[in-house]
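For the numbers below, each heavy atom of this structure counts, side chains included, while hydrogens, waters and symmetry mates do not. Just so you know, ligand 1 is whichever comes first in the structure, and atom 1 is the first atom listed for that ligand.
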Amino acid sequence: MKSYVIHGPRDLRIDEKEERSLADNEVRLGLAYGGICGSDMHYYQDGKVGHSVVKDPMVLGHELAAVVLEVGEGVDGVAVGDRVAINPALPCGTCAMCRKGEENVCFNMQYLGSAAKRPHSQGAFEERPVVKAHQCVVLPADADLKLAALAEPYAISLHAANLGQVAGKRVLVTGAGTIGTLAAVAALDQGASDVYVSDVHPAALARVKKLADVHTLDAMDVANRVASGELEFFDVVLEASGAPQAFNTALKVLTPKGGVIQIGFLAPAELDMNVILTKELTIRGAYRFLDEFEQAVASVLAKPELIEAVSATYDFGVTDEAFESSLDKQKHLKVMIRHQVYAS
Ligand SMILES: [Zn+2]
Ligand SMILES: [Zn+2]
């Protein structure tokens with residue numbers, strides 16, 4: 001079968017891989033839709049994301065909706081023909097963090113398509129990926145698989161909104177990419193009183209406004225507008241851009257005792273640490289998600305308008321063209337790969 005394998009920066013190939021037989025509790029899927037994530041783009045562009053460096057060839061991809069083709073021994077609750085969304089996280093279940101119920105920061109996490117550890121965790125952008133049965137969330141028979149493939153980025157956004165305890169709060173989301181856009185949707189869903197989204201690209205702001213009932217702001221003058229009193233301070237900032245300038249803006253526009261939830265991988269930079277002290281700000285990272293995945297699946301399926309977040313879809317087998325277009329943040333939000341056989 002064909003797989004999307006990253007060999008190094010801008011060296012993405014369709015490699016032919018041997019299919020293996022299923023072990024107990026495994027299922028074989030037919031990939032219908034795969035969303036290209038920020039991490040996939042970083043692996044493609046730089047051969048790394050944060051501290052995770054591609055050292056051996058690795059199959060990309062962890063955002064997927066699929067159909068079940070085959071089930072192994074002992075599989076319960078998932079049947080051949082089911083449409084499923086896949087939770088890409090496989091925590092070990094036994095380490096100190098797992099035992100505390102903090103599985104998203106499991107010391108031995110296996111996450112589809114991640115070079116965080118060696119050997120790397122292979123991803124699922126292949127024709128017939130194999131996953132554990134418990135990673136499958138079975139969808140209604142008429143579910144839109146394209147929409148379902150948004151469940152993973154929505155789960156990440158929802159986790160960030162949950163950590164920010166956004167209910168009743170004034171929230172600023174910095175960065176109107178996929179995660180920022182979905183974080184704004186999730187914040188509204190979780191009861192935030194007002195949600196603002198900032199970005200440097202007017203096109204990105206226009207797009208987010210179509211998807212969610214938010215106010216939009218030019219990232220370059222948010223801090224000035226708050227300093228001049230034209231805009232009120234924010235209680236929570238969900239930082240989804242990964243731009244250090246946005247992080248520093250967050251420190252300026254937060255009310256004392258406010259908090260920033262960092263979702264995007266942040267480039268190394270000078271941060272205005274003293275503001276954290278004088279305003280007693282809280283800084284918290286949001287990494288992947290906890291038990292939010294099933295809720296995320298239900299939420300995206302209940303919001304058909306989110307299909308507009310998918311700005312382009314390429315046939316399975318297209319490599320550079322699909323990944324290069326996903327890098328064009330002005331033009332694209334979420335770019336997906338679609339396998340004609342399993343998507344219909
Ligand atoms: Zn993702
Ligand atoms: Zn663990």
Side-chain angles (χ1 to χ4, degrees), residues 4 6 31 33-46 48-50 52 54 58-66 85-117 120-125 129 131-132 134-135 137 145-161 175 177-183 185-186 238 240-242 262-265 285-293 296-297 299-300 306 309-311 313 322-323 326-327 329 332-337:
Y4 279 75
I6 190 77
L31 175 71
Y33 286 93
I36 299 176
C37 182
S39 62
D40 298 316
M41 292 178 221
H42 285 296
Y43 286 132
Y44 172 75
Q45 198 174 23
D46 312 317
K48 62 174 184 171
V49 51
S52 306
V54 175
M58 181 178 80
V59 180
L60 290 178
H62 60 267
E63 299 179 3
L64 59 152
I86 302 302
N87 181 339
L90 261 186
C92 74
T94 54
C95 74
M97 298 319 295
C98 283
R99 287 202 307 274
K100 277 196 268 187
E102 309 284 4
E103 291 95 342
N104 66 319
V105 284
C106 166
F107 286 118
N108 311 306
M109 176 66 90
Q110 298 279 321
Y111 204 91
L112 290 177
S114 165
K117 296 192 178 72
H120 303 331
S121 300
Q122 299 296 316
F125 279 4
V131 299
K132 302 273 190 217
H134 73 260
Q135 290 178 273
V137 175
L145 290 172
K146 195 180 194 179
L147 205 49
L150 288 171
E152 193 265 357
Y154 192 83
I156 288 182
S157 306
L158 179 60
H159 181 59
T178 307
I179 295 291
T181 298
L182 296 180
V185 173
L238 304 177
S241 74
Q262 184 65 38
I263 326 173
F265 277 92
Y287 194 45
R288 296 171 175 163
F289 44 85
L290 260 173
D291 51 3
E292 288 106 344
F293 191 78
V297 172
S299 292
V300 295
L306 288 183
V310 184
S311 56
T313 307
F323 279 71
S326 74
L327 293 172
K329 302 275 168 60
H332 288 291
L333 199 52
K334 176 62 72 186
V335 173
M336 284 194 183
I337 305 288

Students often mix this up, so state it plainly: with edges at 30° and 60°, are the rings of F125 and F323 parallel, tilted or perpendicular?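 Taking F323 first and then F125, their aromatic rings stand perpendicular (interplane angle over 60°).
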My understanding is that only residues two or more places apart in sequence, or in another chain, count here; which of them pass side-chain contact (heavy atoms from CB on, under 4.5 Å) with F107?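 Here the qualifying residues are C95, A96, M97.
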Smallest separation among heavy atoms of K334 and T178, with atom names: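 Heavy-atom minimum between the residues: CE-CG2, 3.6 Å.
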Please name the pair of heavy atoms, one in S121 and one in Q110, separated by the smallest distance, quoted to 0.1 Å.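 Reported closest heavy-atom pair: OG-OE1, 3.0 Å.
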Strictly distance-based, threshold 3.5 Å: is any side-chain N or O of Q262 a donor or acceptor partner for the main-chain N or O of G264? yes
Using atom types as modelled and distance alone, determine if a side-chain donor or acceptor of K48 lies under 3.5 Å from a backbone N or O of A115. no
Checked the Zn ion (ligand 2): protein N, O or S atoms closer than 2.8 Å come out as C92 SG, C95 SG, C98 SG, C106 SG
Measuring only between side-chain heavy atoms, which start at C-beta, is P129 closer than 4.5 Å to L31?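 In short, these two side chains touch, coming nearer than 4.5 Å.
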Side-chain donor-acceptor distances from residues 285-293 under 3.5 Å, at least two apart:
residue, atom, partner, partner atom, Å
E292, OE1, H159, ND1, 3.3
E292, OE1, L290, N, 2.6
E292, OE2, H159, ND1, 3.0
E292, OE2, N162, ND2, 3.1

Any side-chain donor-acceptor pair under 3.5 Å between H332 and S326?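 The answer is no; no qualifying pair exists.
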The protein N, O or S atoms lying under 2.8 Å from the Zn ion (ligand 1) are C37 SG, H62 NE2, E63 OE2, E152 OE1
